[in-house]
Structures are given as C-alpha cells and as structure tokens.
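First up is the structure itself, then whatever we jot down about it.
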Amino acid sequence: EVQLVESGGGVVRPGGSLRLSCAASGFTFDDYAMSWVRQAPGKGLEWVSSINWNSYTTTYADSVKGRFTISRDNARNSLYLQMNSLRVDDTAFYLCARELPNWSFDTWGQGNLVTVSA
Amino acid sequence: DIQMTQSPSSLSASVGDRVTITCRASQNINNFLNWYQQKPGKAPKLLISAASSLQSGVPSRFSGGGSGTDFTLTISGLQPEDFATYSCQQSSSPPITFGPGTKVDIK
C-alpha cells in the first residue's frame with residue numbers, strides 16, 4: 001500500500017523552529033518529486049515547497065522562502081521540512097504529498113498540526 | 001502568481017442531484033487543472049487531472065471540463081459519500097496554487 005506518514009508537529013512559540021518528517025512506503029521513493037502543502041484550520045490548501053527526486057531542485061512559496069528548508073533522504077525513504085523563524089500565520093496542518101510529473105499530487109499524508117502561539 | 005477562484009463557495013444538494021462546481025484561473029492555464037476531494041479530517045484525494053482525465057478508481061459520475069481560464073467539475077447523481085469539499089489546483093506555472101474550495105453538503 002502506498003503510504004505517507006508525517007511526524008514532528010507540535011506547539012512552538014513565534015520565532016521558534018520545528019522539523020517535520022514524512023515517511024514513505026509502498027512505492028519507489030526516489031522515482032518521485034515530493035512536496036509539502038499546508039492547510040490552516042478551516043482554510044484552503046497552500047503549496048509550501050517541492051523537491052525533485054535527487055534533491056537537485058527545490059522550490060518554495062514566497063511566504064516561507066528563506067525560513068523553511070525542504071530535504072529528502074532517499075536511503076531512508078523520507079522527506080523533511082525544517083521550519084525556522086516560525087510565525088503565527090504558519091499555524092496549519094502540514095501534509096506531505098507525492099508529486100506527479102504534471103505537478104498534481106496523487107498521494108497524501110494525513111497531515112501534522114503545527115501551532116505557532118505565544 | 002496565478003489566482004484560482006471557485007464558485008459557489010458552498011452548496012446544498014440532495015442525493016441523486018447533478019452538481020456543477022466552477023473554477024476560474026486569473027490567466028490562461030490551458031488544461032493544467034486538477035481537482036481534489038477532501039473530507040473532514042482526511043487527506044485530499046486526486047479526482048481529475050489535466051482538466052478532464054479521471055484518476056483510476058474514481059467513479060464515472062465525476063467529470064471535468066474546460067480549458068484556458070474556466071473549468072467545471074460535475075457530479076452526475078450525487079451519492080452520500082460525495083459530500084465533501086472540492087478544490088481545484090493549477091499546475092501550469094509555479095507557484096502551484098489552489099482554489100479556496102467548494103463545500104458540498106446535504107440539503
């Protein structure tokens with residue numbers, strides 16, 4: 001079964017850091033680009049960042065550029081998101097997603113809640 | 001950035017109804033448009049890619065159409081399991097952007 005499972009969410013103060021992980025199983029991980037998408041409670045989906053199969057290319061939404069870093073470890077079938085200088089408006093469920101060549105997302109994790117609050 | 005809008009933002013419908021949701025892009029995206037279904041507390045599910053290509057396993061009552069800036073998602077014969085939020089997403093040019101979603105609930 002193709003599966004993505006996120007971990008690492010929690011509560012952090014503004015200006016703090018958090019690292020999210022996404023464990024992939026059931027498919028050849030390094031065949032795919034991967035992405036992080038977030039969803040504030042009760043709001044729509046917002047693309048955050050993507051990384052290609054060999055980590056050569058990474059892209060970020062303007063809202064997180066310079067603060068977040070996406071990475072992957074193909075040997076461990078894992079995707080990561082290092083989040084620094086967190087702000088209150090970063091509060092959201094963070095979902096990892098498998099990206100198809102047409103930039104659609106065909107497999108998603110359940111999401112991990114990140115709450116930034118003083 | 002390409003802005004995506006959807007209408008309506010919510011609708012109430014009955015089982016068996018035909019429902020159409022509209023998605024509009026702020027500029028021409030050809031057919032680089034995908035549709036997702038999301039139920040409360042669950043991950044999104046890819047229904048349709050490239051505006052009209054149904055994903056494997058998705059019931060044929062779902063259909064997508066349009067090109068350029070205007071797109072539709074139609075559910076022909078709404079089923080109880082179809083009550084959910086539907087979102088469009090453009091994959092024409094970065095950054096990837098999503099519509100705000102249309103919530104379909106029971107009348």
Side-chain angles (χ1 to χ4, degrees), chain A residues 1-7 9 20 22-24 26-27 32-52 57-66 68 70 79 92-113, chain B residues 1-10 21 23-25 29-58 64 67 71 73 84-105:
Chain A
E1 180 192 4
V2 176
Q3 197 170 10
L4 298 171
V5 178
E6 301 97 339
S7 60
L20 301 180
C22 172
F27 65 100
Y32 293 88
M34 297 293 295
S35 293
W36 289 98
V37 176
R38 68 185 180 183
Q39 187 169 34
K43 302 295 185 183
L45 298 161
E46 179 189 13
W47 171 79
V48 173
S49 181
S50 294
I51 187 168
N52 79 323
T57 302
T58 59
T59 51
Y60 299 91
D62 285 347
S63 58
V64 307
K65 200 173 294 181
F68 290 11
I70 191 171
L79 176 72
F93 288 94
Y94 285 74
L95 302 96
C96 63
R98 188 174 79 171
E99 189 176 314
L100 297 180
N102 66 359
W103 292 355
S104 66
F105 304 105
D106 73 333
T107 303
W108 298 70
Q110 286 296 104
N112 221 276
L113 180 61
Chain B
D1 297 3
I2 297 175
Q3 307 303 317
M4 307 299 293
T5 57
Q6 289 181 233
S7 60
S9 57
S10 65
I21 297 166
C23 175
R24 177 164 289 174
I29 59 170
N30 295 298
N31 71 334
F32 294 103
L33 191 282
N34 311 304
W35 288 99
Y36 299 86
Q37 175 195 67
Q38 189 175 19
K39 297 179 180 179
K42 300 294 186 182
K45 175 185 177 181
L46 179 63
L47 298 176
I48 288 171
S49 62
S52 61
S53 179
L54 206 63
Q55 292 298 109
S56 174
V58 174
S67 67
F71 302 86
L73 172 69
T85 297
Y86 294 86
S87 301
C88 59
Q89 173 234 328
Q90 67 84 15
S91 52
S92 171
S93 64
I96 291 165
T97 47
F98 292 85
T102 295
K103 184 177 181 181
V104 177
D105 61 21

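Scope of the values below: all heavy atoms of this structure, side chains included, with no hydrogens, waters or symmetry mates. Every chain is numbered from 1 and lettered A, B, ... according to where its sequence line falls, protein lines coming before strand lines.
Across all non-hydrogen atoms, the minimal contact from Tyr36(B) to Phe105(A) is OH-N, 2.9 Å. Residue Phe98(B) comes nearest to Trp47(A) through the heavy atom pair CE1-N, 3.9 Å, listed as atom of the first residue, atom of the second, then distance.
Within the model, atoms OG of Ser50(A) and CD1 of Ile96(B) stand 5.0 Å from one another, a figure rounded to the nearest 0.5 Å.
For chain A, the nearby part of Pro100(B) is the backbone; its heavy atoms alone come within less than 4.5 Å. Only the backbone of Ser93(B) comes within contact range of chain A, with heavy atoms under 4.5 Å apart. Within the 4.5 angstrom heavy-atom criterion, only backbone atoms of Ser92(B) (N, CA, C, O) approach chain A. With a 4.5 Å cut-off on non-hydrogen atoms, Glu46(A) touches chain B through its backbone but not through its side chain. For a residue to count as touching a neighbouring chain, one of its non-hydrogen atoms must lie under 4.5 Å from one of that chain's; by this rule Leu45(A) touches chain B with backbone and side chain alike.
Of the listed residues (Gly44(A), Gly109(A), Ser104(A), Ala61(A)), the greatest number of heavy-atom pairs within a distance under 4.5 Å of chain B belongs to Ser104(A).
Looking only at side-chain heavy atoms (C-beta outward), Pro95(B) and Tyr60(A) stay at 4.5 Å or farther from each other.
Distance alone, capped at 3.5 Å, is enough to place a donor-acceptor pair between the Ser91(B) side chain and the Asn102(A) backbone.
Listed in order of number, the residues of residues 38-47 of chain B that approach chain A to under 4.5 Å between heavy atoms are Gln38(B), Gly41(B), Lys42(B), Ala43(B), Pro44(B), Leu46(B).
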